[in-house]
Engineer: 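Could you have a look at this structure, given as structure tokens, before my questions?
Owing to the predicted nature of the structure, the values given are computational and were not obtained by experimental measurement. Every heavy atom of this structure was used, including side-chain atoms; hydrogens, water molecules and symmetry mates were not.
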Amino acid sequence: MANGYNVMKYYGSKEGYDADVLIDSKAMLGKDDFVATGVLTYALGDIIEVELPEYDVFQLGDKAKMTVYTKSGLFVMNTTVVAKEFGSVIVINPPENRKKFAEKREFPRVDVTHTGRLFGLQDMNKRNKHQFENPLGISIKNISINGLGFTINDNAMIDKIVQKHSQLEVELDLGFTIPCSMEIVRKEKVENGFYYGASYIDIPTEKTNALRGFILTNQIETYFVQKREAQFKKATEKKSAANQ
């Protein structure tokens, strides 16, 4: 990898391409009459990172054209700059490019610490439905464009009722509210109760862009934190080895 630390291979194979097709490939990023050459170092979900010396020429929101030179041929895409830091820019991985590959996880999941409210539930047989007079609090642990992971706050009785395939009516508070219905697809015991994985059944159409933007922002922030930690760890190990 160009910056020396390891990156997970998030791409599988749908058309004969694997992670190595994109990762560490030469990439040209251009806007207006300017073109810069760098190395594609990361690709997951909606984002791609390109490390290049002229990163400071690109500004947030810039429309750009990217050409990636891989051992399996060229990949050309129109994209937008959504983040940058010293030595690199993050651009959108457009849907038409993502369709050419298969990812291990269809939608990236980001860790968050947000809350929500549980208004009602229906059992797995869809026979019994219950609405809570006082909504129950939930703690959202992670979220993606197709589902989330959460715990129910201090309510052992509800933990007994909520089972796999139960359907829940909730409102998510992510700095903005999203009312939605979802189905439990996973339940596992944790130290202080149960952890649930759920997939969305219905989200208001007008809220989907806000949800995608929230996930994208958190994905970028998480990636930059992990990248800095990996670089710091490598520098520390290198210094330690030099002192031995």
Engineer: Flag the pair Lys141 / Ser139 as yes when at least one side-chain heavy-atom distance between them is below 4.5 Å, and no otherwise.
Structural biologist: yes
Engineer: Nearest 0.5 Å, what's the CD1-CD distance between Ile161 and Gln163?
Structural biologist: 9.5 Å
Engineer: What are the two closest heavy atoms between Tyr195 and Thr151, and how far apart are they?
Structural biologist: CA-CG2, 4.1 Å
Engineer: Within the 4.5 Å heavy-atom criterion, are Ser166 and Leu121 side-chain neighbours or not?
Structural biologist: no
Engineer: Would you name the heavy atoms of Leu211 and Ser144 that are closest together and state the gap between them?
Structural biologist: CD2-O, 4.4 Å
Engineer: Can you see whether Tyr196 has Lys187 sitting over its ring - NZ or CZ less than 6.0 Å from the centre and within 45° of the normal?
Structural biologist: no
Engineer: Indicate yes or no: at least one non-hydrogen side-chain atom of Leu60 is less than 4.5 angstrom from one of Val82.
Structural biologist: no
Engineer: If you measure from the Lys or Arg side-chain nitrogens to the Asp or Glu carboxylate oxygens, is any gap between Arg212 and Asp46 under 4.0 Å?
Structural biologist: yes
Engineer: Under 30°, 30 to 60°, or over 60°: which ring-plane class applies to His130 and Phe132, parallel, tilted or perpendicular?
Structural biologist: perpendicular
Engineer: Taking Gln59's backbone N and O only, do any of them form a donor-acceptor pair with Asp62's side chain (distance below 3.5 Å, no angle check)?
Structural biologist: yes
Engineer: Nearest 0.5 Å, please: how far is OG in Ser25 from OH in Tyr69?
Structural biologist: 11.5 Å
Engineer: With side chains defined as the heavy atoms from C-beta onward, is the minimum distance between Glu49 and Leu40 less than 4.5 Å?
Structural biologist: no
Engineer: Val50 and Ala27: which non-hydrogen atoms are nearest, and at how many Å?
Structural biologist: CG1-CB, 4.2 Å
Engineer: Met66 versus Ile48: any side-chain heavy-atom pair under 4.5 Å?
Structural biologist: yes
Engineer: Between Val91 and Thr79, what is the shortest heavy-atom contact and its length?
Structural biologist: CB-OG1, 3.4 Å
Engineer: Give the minimum heavy-atom separation between Glu54 and Ala36, together with the two atoms involved.
Structural biologist: OE1-CB, 3.6 Å
Engineer: Output the distance between atom CG (Leu29) and atom OH (Tyr55), rounded to the nearest 0.5 Å.
Structural biologist: 14.5 Å
Engineer: Any side-chain heavy atom of Lys26 sitting closer than 4.5 Å to one from Thr37?
Structural biologist: yes
Engineer: In Å, rounded to the nearest 0.5 Å, how long is the span from OG1 of Thr222 to NZ of Lys227?
Structural biologist: 14.5 Å
Engineer: Do the charged groups of Lys129 and Glu169 touch, with an N to O distance under 4.0 Å?
Structural biologist: yes
Engineer: Could you state the interatomic distance from CD1 (Ile178) to CG (Leu148), rounded to the nearest 0.5 Å?
Structural biologist: 10.0 Å
Engineer: Just how far is it from atom CE of Met28 to atom CG of Leu52, taken to the nearest 0.5 Å?
Structural biologist: 11.0 Å
Engineer: Using the rule ring-ring contact (aromatic ring centres under 6.0 Å, His included), only one of Phe214, Phe176, Phe150 pairs with His114; which is it?
Structural biologist: Phe214
Engineer: Which heavy atom of Ser88 sits nearest to which heavy atom of Phe224, and what is that distance?
Structural biologist: OG-CE2, 4.4 Å
